[in-house]
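Comments concern the structure below.
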Amino acid sequence: MAFATHRIVRTLTSSASRSAAIKRVTVIGGGLMGAGIAQVAATTGHTVVLVDMDEDILKKSIKGIESSLKRVVKKKFADKPEAGEEFVQKVMNNVSMATDAASVVKSSDLVVEAIVENLKVKQGLFSALDKVAPEHTIFASNTSSLPIADIASSTSRLDRFGGLHFFNPVPMMKLVEVIKAPGTSQQTFDSLMDFTKALGKHPVSCKDTPGFIVNRLLVPYMLEAVRLYERGHGSKEDIDVAMKLGAGYPMGPFELLDYVGLDTSKFIIDGWYEKDPDNPLFAPSPILNKLVAEGKLGKKSGEGFYKYK
Ligand SMILES: CCCCCCCCCCCCCC(=O)CC(=O)SCCNC(=O)CCNC(=O)[C@H](O)C(C)(C)COP(=O)(O)OP(=O)(O)OC[C@H]1O[C@@H](n2cnc3c(N)ncnc32)[C@H](O)[C@@H]1OP(=O)(O)O
Ligand SMILES: NC(=O)C1=CN([C@@H]2O[C@H](COP(=O)(O)OP(=O)(O)OC[C@H]3O[C@@H](n4cnc5c(N)ncnc54)[C@H](O)[C@@H]3O)[C@@H](O)[C@H]2O)C=CC1
């Protein structure tokens, strides 16, 4: 009996201390994903600093967080608009912004990186932060397509480095893929699982394999859709309608590409092509390249495969 009690206390203590450890979160990258991650972390009572390269981007991110929160609150506090406003204010008080990541991470339990999908840029960022972050700070990347181990290799904290792959739009999508790279310690992995649950999300455990689970299946599907369109075998409108009405997807592949961002999609596919140049599926797409070169990056820029203005 004494043994059983001891075990329960130990379990509770270790679980509680793991969760309690992550209270102060730095989110780097105030774009589509970073803003969403910051919003969800702040909503669930974490102290969040959102970092990006300049203040104009950050002001836009903060505005985006506030308007997303208002959409949430409209439903949640339908009968009590004042309580809703109070809630928004309370959440916004949990978020601050900064342009100097190095000074912010000094008081951070967790750094979640959501910057551009480029290995060298991510490595450069983490290498710099590794030198200034406290020992206990866990690093996580929200990469869609890069190996976590490759990003982590720029640091000396392989054991405190993992993947937290959120889905867009973060406030609405319940899933988070939690990635345990070969160097990730069990304690770090458990902390990331606990953190994900504390955000009200549903974690799934993933190995550090290309595309983890969702993108391993989603990217080939999206690529096939673009190839179908490039061959003239279907209009983008018909392909989108077909997948929504025939397969029950909430968005068709071209709507989803615009939603994800065509620049991010190009980074993903170019990276996979570099690694696997013999796979014709990953070959450069003339249509995608043209749109990106024209600055048509999807919904976020006002135009991609479709127009949004
Ligand atoms: C050959 C080269 C080709 C290149 C190919 C390369 C492929 C690369 C692609 C890989 C992408 C990888 C990205 C990644 O790593 C992983 C991802 O994130 S994949 C994306 C996953 N997301 C989805 O699949 C989204 C699917 N869409 C939806 O679930 C819905 O459409 C959505 C929830 C976005 C919107 O719902 P919808 O009904 O369509 O529209 P409404 O506007 O009516 O919204 C419904 C409901 O939701 C609320 N809401 C929506 N967005 C937000 C928000 N941001 N904040 C708060 N609330 C939001 C809205 O208010 C509505 O609420 P009501 O109560 O219904 O009014
Ligand atoms: N867009 C999507 O649907 C999803 C994207 N991801 C991943 O999340 C990451 C971010 O993607 P998005 O938010 O879509 O990109 P985004 O282009 O919307 O935002 C990226 C932000 O990072 C900032 N940034 C770039 N370099 C920086 C640096 N060194 N320091 C600070 N800020 C920097 C940019 O100014 C920009 O605001 C990528 O790794 C992407 O693959 C993951 C899941 C879904």
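Order of listing sets the numbers, starting from 1, for every ligand and every atom in it. Only heavy atoms go into these numbers, but all of them, side chains included; no hydrogens, no water, no symmetry mates.
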With the side chain counted from C-beta on, respond yes when Glu117 and Lys122 share a heavy-atom pair under 4.5 Å apart, and no when they do not. yes

Specify the closest pair of heavy atoms between Asp52 and Gly31, including all atoms of both residues, with the distance to one decimal. OD2-N, 4.1 Å

Considering all protein heavy atoms, does one lie under 4.0 Å from atom 39 (O) of ligand 1? no

Taking both backbone and side-chain atoms of Ser68, is any N or O found less than 3.5 Å from an N or O belonging to ligand 1? yes

Can Ser185 and Thr188 be counted as having a side-chain donor-acceptor contact under 3.5 angstrom? yes

Taking the side chain as everything from C-beta on, heavy atoms only, tell me whether Lys300 gets closer than 4.5 Å to Thr264. yes

Which protein heavy atom lies closest to atom 47 (O) of ligand 1, and at what distance to 0.1 Å? Met172 CE, 3.2 Å

Can you sort out which atoms of ligand 2 are near Lys300, meaning under 4.0 Å from one of its heavy atoms? 16 (P), 17 (O), 18 (O)

One residue to check: Ile115. Relative to ligand 2, which of side chain, backbone, both or neither has a non-hydrogen atom less than 4.0 Å away? both

Output the list of atoms in ligand 1 that are nearer than 4.0 Å to some heavy atom of Arg227, sorted by atom number. 1 (C)

Would you verify that at least one protein heavy atom lies under 4.0 Å from atom 24 (O) of ligand 1, or report that none does? yes

For Phe87, is the NZ or CZ atom of Lys76 found under 6.0 angstrom from the centre of its six-membered ring and inside 45 degrees of the ring axis? yes

At what distance is the nearest protein heavy atom to atom 59 (C) of ligand 1, and which residue and atom is it? Arg71 NH2, 3.4 Å

heavy-atom search around atom 4 (C) of ligand 1 in the protein gives Leu288 CD2, 3.8 Å

Please confirm whether Arg157 makes a cation-pi placement over Phe139, using NZ or CZ under 6.0 Å from the six-membered ring centre and within 45° of the ring normal. yes

Heavy atom of protein closer than 4.0 angstrom to atom 12 (C) of ligand 1: yes

Among protein heavy atoms, which lies nearest atom 10 (C) of ligand 1, and at what distance? Val219 CG2, 3.8 Å

For Phe254 and Tyr306, I'd like to know if the aromatic rings sit close, meaning centre-to-centre distance below 6.0 Å. no

Going by the atom numbers of ligand 2, which of them fall below 4.0 Å from some non-hydrogen atom of Gly29? 22 (O)

Could you identify the single nearest non-hydrogen protein atom to atom 19 (O) of ligand 2 and state the distance to 0.1 Å? Gly31 CA, 3.3 Å

Using a 4.0 Å cut-off to any heavy atom of Ser144, which atoms of ligand 2 qualify? 5 (C), 6 (N), 7 (C), 40 (C), 41 (O), 42 (C), 43 (C)

Mind checking whether His165 has a heavy atom under 4.0 Å from ligand 1? yes

Per-atom contacts of ligand 1 with Asn168, taking only distances under 4.0 Å to non-hydrogen atoms: 18 (O), 20 (C), 21 (C), 22 (N), 23 (C), 25 (C)

Polar contact flag for Asp263 and ligand 2 (N/O pairs, less than 3.5 Å): no

Does ligand 2 have a heavy atom under 4.0 Å from the side chain of Ile268, from its backbone, from both, or from neither? neither

Please identify which atoms of ligand 2 are closer than 4.0 Å to at least one heavy atom of Lys122. 38 (C), 39 (O)

When you look for heavy atoms under 4.0 Å from ligand 1, do you find them on the side chain of Lys74, its backbone, both, or neither? neither

Pair Tyr229-Asp238, side-chain donor/acceptor within less than 3.5 Å: no

Around atom CZ of Arg227, are there more than 12 heavy atoms from other residues, nucleotides or ligands closer than 6.0 Å? yes

Could you list the atoms of ligand 1 found under 4.0 angstrom from a heavy atom of Val226? 1 (C), 3 (C)

Are any of the N/O atoms in Asn215 less than 3.5 Å from those in ligand 1? yes

What atoms in ligand 2 come closer than 4.0 Å to a heavy atom of His165? 42 (C), 43 (C)

Quick check on atom 35 (C) of ligand 1 - does any protein heavy atom sit closer than 4.0 Å to it? no

Should Lys70 and Glu85 count as an ion pair when the cut-off is N to O under 4.0 Å? no

Heavy atoms of Leu146 and Thr143 approach each other most closely as N-OG1, 3.0 Å

Quick check on Val214 - does any of its heavy atoms sit under 4.0 Å from an atom of ligand 1? no

Quick check on contacts: which atoms of ligand 1 are under 4.0 angstrom from a heavy atom of Met251? 26 (C), 27 (N), 31 (O), 34 (C)

Options Met173, Met53, Met33, Glu117, ranked by nearest heavy atom to atom 5 (C) of ligand 2, top entry: Met33

Protein non-hydrogen atoms only, distance under 4.0 Å: does atom 15 (O) of ligand 1 have such a neighbour? yes

Short list, please: which atoms of ligand 2 are under 4.0 Å from a heavy atom of Leu32? 1 (N), 13 (O), 14 (O), 18 (O)

Tell me if the centroids of the rings in Tyr249 and Tyr221 come within less than 6.0 Å of each other. yes

Which atoms of ligand 2 have any heavy atom of Ile57 under 4.0 Å away? 35 (O), 37 (O)

Heavy-atom contact check, 4.0 Å cutoff: does Tyr259 meet ligand 1? yes

In this structure, does ligand 2 have an atom that sits under 4.0 Å from one of the heavy atoms of Ala114? yes

Below 4.0 angstrom, counting only protein heavy atoms, does anything approach atom 49 (N) of ligand 1? yes

Looking only at protein heavy atoms, what sits closest to atom 26 (C) of ligand 1 is Pro250 CG, 3.6 Å

Verify whether the ring centers belonging to Tyr273 and Phe282 lie closer than 6.0 Å. no

Ligand 2 atoms nearer than 4.0 angstrom to some heavy atom of Thr264 are 14 (O), 40 (C), 41 (O)

Residue and atom name of the nearest protein heavy atom (relative to atom 19 (S) of ligand 1), distance in Å to one decimal: Leu218 CD2, 3.6 Å

Carboxylate-amine/guanidinium proximity below 4.0 Å for Asp258 and Lys299: no

Could you tell me, atom by atom, which parts of ligand 1 come under 4.0 Å of a heavy atom of Phe167? 16 (C), 17 (C), 18 (O)

Determine the minimum heavy-atom distance between Ala149 and Pro182, stating which atoms define it. CB-CD, 4.3 Å

Near Ser285, which atoms of ligand 1 are under 4.0 Å from a heavy atom of that residue? 1 (C), 2 (C)

Going by an N to O cut-off under 4.0 Å, is there a salt bridge joining Lys290 and Glu294? yes

For atom 64 (O) of ligand 1, which protein heavy atom lies nearest, and how many Å away is it? Lys75 CD, 2.6 Å

Using a 4.0 Å cutoff against the non-hydrogen atoms of Pro169, which atoms of ligand 1 qualify? 34 (C), 54 (N)

Atom 8 (O) of ligand 2 - nearest protein heavy atom and its distance: Asn142 ND2, 3.0 Å

Judged by heavy atoms only, the candidate from Asp52, Val260, Thr143, Ile151 nearest atom 21 (C) of ligand 2 is Asp52

Give a yes or no on whether atom 56 (C) of ligand 1 lies under 4.0 Å from any heavy atom of the protein. yes

Can you confirm whether Leu50 sits close enough to Ile65 that some side-chain heavy atom of one is under 4.5 Å from a side-chain heavy atom of the other? yes

Classify the contact between Phe166 and ligand 2 as side chain, backbone, both or neither, using a heavy-atom distance cut-off of under 4.0 Å. backbone

When distances are taken from atom 9 (C) of ligand 1, the protein heavy atom at minimum range is Met222 CE, 3.7 Å

